[in-house]
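Working notes, beginning with the structure itself.
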Amino acid sequence: MSANESNRRIKFSYQLDNWNYENGERSHLKSNAKKIIPSEYAAEMDGTLFCPACFTNLNRIPKEKDHFTNGREAYFAHVQKYKDVKCDLKSIKPEGKRYENWEEAKKAIDDENLVIISSFLKAKPESKEDKPAIYDETPVEDIDGPTTEVAIGRHNGESFSLPSKIKTVAGLCRSFDENLYKYFYLPGKNNAVRLIDLLKDVKSISEENDKPRFYYGRIISTKHLGEHKRPTNIRMTFLHTDVAGDFCLKSQDKDQRAHGITDDSVGRILIVYGTVEINGSGLCFQGLGWGEFSLLPEKYNHLLD
Ligand SMILES: [Zn+2]
């Protein structure tokens, strides 16, 4: 991977006038800054763009144009002045995050930089049963999980007891831009990793995988099977893939519909936490729990394109 490609992990920069790395409050930057993607850069923003991970200054490269002469899109890069500030968005291979002690990990949770996920919600919450299924617009609250022993200590296998969340993928898709740069601890892991480094595009997936992980894919077609199109019939929702065979989400139509997936969902991005299974000559996600998949709100599509 070239240095150029590692910079493509910086999907947006914070833009805020009259803020600086040395004296600025990070919470002030986070709550007041605009989030600018490389194509939205304008010359007057020079000096007011900051990294979403380390908060030092960024430049857009190239500065004057949205594209390089070879057609590649512009990107954000750290500036030389802060080359000594550690930022994992500068590295080619992202490393998982570990914490010095319980206090440091707990502070990261309190500051909303770290989320311990104990599990994903399996079944639809009871109270939502009677409400109309406008899932996209319905906020999905995450539930507090048990205190969980997590092996994210910096020192040889050390673990801490920390509060966890029972998450839904839909919950992650809300404020998706903010969540991209948070660290998430997933069940059974021994470090925390930024969401942006956990999401894998299904287009290059060519084999089954029985370990659950995060995937995303663009819906290219979707089909409700069966003559009578009963809600309990299967809907096959196909995702863009560059490898041989197809890749789909396979589940009852009523289940997909409750997540906003209908005949009108072509072009949308699906996010999944699950395993990859064989389906005929292709691959699929199936048997997913209620909280294990969601459509990404369209306003965030550009962050994964
Ligand atoms: Zn940075």
Side-chain angles (χ1 to χ4, degrees), residues 6 8-14 16 25-37 50-56 58 76 78 85-91 93-100 102-121 139-145 148 150-154 160 162-200 212-216 269 271-273 291-292 294 296-297 299-304:
S6 77
R8 294 182 64 84
R9 288 167 66 223
I10 309 176
K11 297 292 182 184
F12 65 84
S13 75
Y14 287 121
L16 188 63
E25 258 324 306
R26 288 171 188 191
S27 55
H28 177 76
L29 177 73
K30 280 185 172 180
S31 48
N32 292 285
K34 283 188 211 147
K35 299 188 191 79
I36 301 291
I37 59 172
F50 304 97
C51 174
C54 72
F55 310 104
T56 65
L58 298 176
F76 289 123
H78 292 86
V85 175
K86 271 196 163 178
C87 177
D88 65 281
L89 295 184
K90 289 177 188 174
S91 67
K93 195 171 180 295
E95 283 172 33
K97 176 97 169 157
R98 289 160 176 277
Y99 297 84
E100 187 62 34
W102 180 88
E103 285 75 16
E104 191 186 271
K106 180 66 167 60
K107 182 173 190 308
I109 292 173
D110 293 343
D111 292 347
E112 299 187 356
N113 293 323
L114 169 66
V115 181
I116 308 294
I117 300 181
S118 49
S119 63
F120 285 82
L121 198 62
V140 182
E141 298 307 329
D142 296 319
I143 302 166
D144 286 335
T148 303
V150 288
I152 54 173
R154 192 161 290 154
F160 309 126
L162 291 163
S164 73
K165 293 280 180 194
I166 298 166
K167 294 289 284 184
T168 59
V169 173
L172 287 173
C173 287
R174 244 186 321 148
S175 307
F176 184 72
D177 47 1
E178 301 280 349
N179 283 328
L180 268 184
Y181 294 103
K182 283 183 194 168
Y183 285 99
F184 288 89
Y185 167 86
L186 293 169
K189 300 290 180 189
N190 56 8
N191 56 24
V193 178
R194 290 186 197 274
L195 182 60
I196 189 164
D197 297 317
L198 289 168
L199 286 161
K200 191 141 185 76
R213 57 166 304 165
F214 282 115
Y215 295 94
Y216 69 96
I269 292 175
I271 307 220
V272 166
Y273 179 78
E292 293 175 331
S294 175
L296 182 69
K299 64 178 171 180
Y300 298 128
N301 282 8
H302 66 274
L303 296 171
L304 293 179

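From a predicted model like this one, the values you see are computed outputs, not experimental measurements.
A side-chain donor-acceptor contact under 3.5 Å links Tyr183 and Arg194.
Considering only heavy atoms from C-beta on, Phe50 stays 4.5 Å or farther from Leu58 through its side chain. You'll find the side chain of Leu186 reaches within 4.5 Å of the side chain of Leu198, heavy atoms only. Ile271 is not listed as a side-chain neighbour of Tyr215, based on a closest heavy-atom distance of 4.5 Å or more. In this structure, the side chains of Lys35 and Glu178 come closer than 4.5 Å at one or more pairs of heavy atoms. Contact check for Phe120 versus Thr168: no side-chain heavy atoms found under the 4.5 Å cut-off. Side-chain contact between Ser119 and Pro187 is absent, with no heavy atoms from C-beta onward closer than 4.5 Å. Proximity of Val193 to Tyr185: side-chain heavy atoms (C-beta onward) are nowhere separated by under 4.5 Å. You'll find the side chain of Asn179 stays beyond 4.5 Å of the side chain of Val115, heavy atoms only.
Each of Arg174, Lys167, Lys165 was scored for a salt bridge (charged side-chain N to carboxylate O under 4.0 Å, His left out) with Asp142, with one residue passing: Lys167. If you run side chain to side chain contact (heavy atoms under 4.5 Å, CB included) between Pro52 and each of Ile196, Leu29, Leu89, only Leu89 comes through.
Listed here is the closest heavy atom pair of Ile109 and Pro163: CD1-O, 4.1 Å. Between Lys30 and Asn113, the shortest heavy-atom contact is NZ-OD1, 3.0 Å. Across every non-hydrogen atom of Ala105 and Leu114, the tightest pair is O-CD2, 3.7 Å. Considering every non-hydrogen atom in both Ile166 and Asp144, the closest pair reads CD1-O, 4.2 Å. Taking all atoms of both residues into account, the shortest heavy-atom contact from Gly145 to Ser118 is CA-OG, 4.1 Å.
Put simply, NE2 on His78 and OG on Ser13 are 10.5 Å apart, with the number rounded to the nearest 0.5 Å. Distance check: Phe214 CZ to Lys200 NZ gives 14.5 Å after rounding to the nearest 0.5 Å. Note: Tyr181 OH to Lys11 NZ = 7.0 Å, rounded to the nearest 0.5 Å. With rounding to the nearest 0.5 angstrom, the CG atom of Leu180 is 5.5 Å from the CG atom of Leu195. One distance of note links CG of Asn191 with CD1 of Ile152; it measures 9.0 Å at 0.5 Å rounding. Remark: Arg154 CZ to Glu100 CD distance equals 5.0 Å, nearest 0.5 Å.
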Between Arg9 and Asp88, does the salt bridge (Lys or Arg N to Asp or Glu O under 4.0 Å) criterion hold? Intermediate values first, please. CA-CA 10 Å; Arg9 288 167 66 223; Asp88 65 281; 3.5 Å; yes
Determine, stepwise, if the pair Leu296 / Tyr216 fulfils side chain to side chain contact (heavy atoms under 4.5 Å, CB included). CA-CA 9 Å; Leu296 182 69; Tyr216 69 96; over 6 Å; no
Step by step, would you call Leu172 with Phe184 a side chain to side chain contact (heavy atoms under 4.5 Å, CB included)? CA-CA 11 Å; Leu172 287 173; Phe184 288 89; 3.3 Å; yes
As a quick check of understanding, evaluate side chain to side chain contact (heavy atoms under 4.5 Å, CB included) for Asn190 and Val150, giving each step before the final call. CA-CA 7 Å; Asn190 56 8; Val150 288; over 6 Å; no
Show your working on side chain to side chain contact (heavy atoms under 4.5 Å, CB included) between Phe176 and Lys299 and close with a plain yes or no. CA-CA 10 Å; Phe176 184 72; Lys299 64 178 171 180; over 6 Å; no
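A cation-pi contact, defined as under 6.0 Å to the ring centre and within 45° of the axis, links Lys97 to Tyr99.
Put simply, the side chain of Arg98 gets close to the backbone of Gly153: a donor and an acceptor are under 3.5 Å apart.
Within the 6.0 Å centre-distance limit, the rings of Tyr14 and Phe12 are counted as a close aromatic pair.
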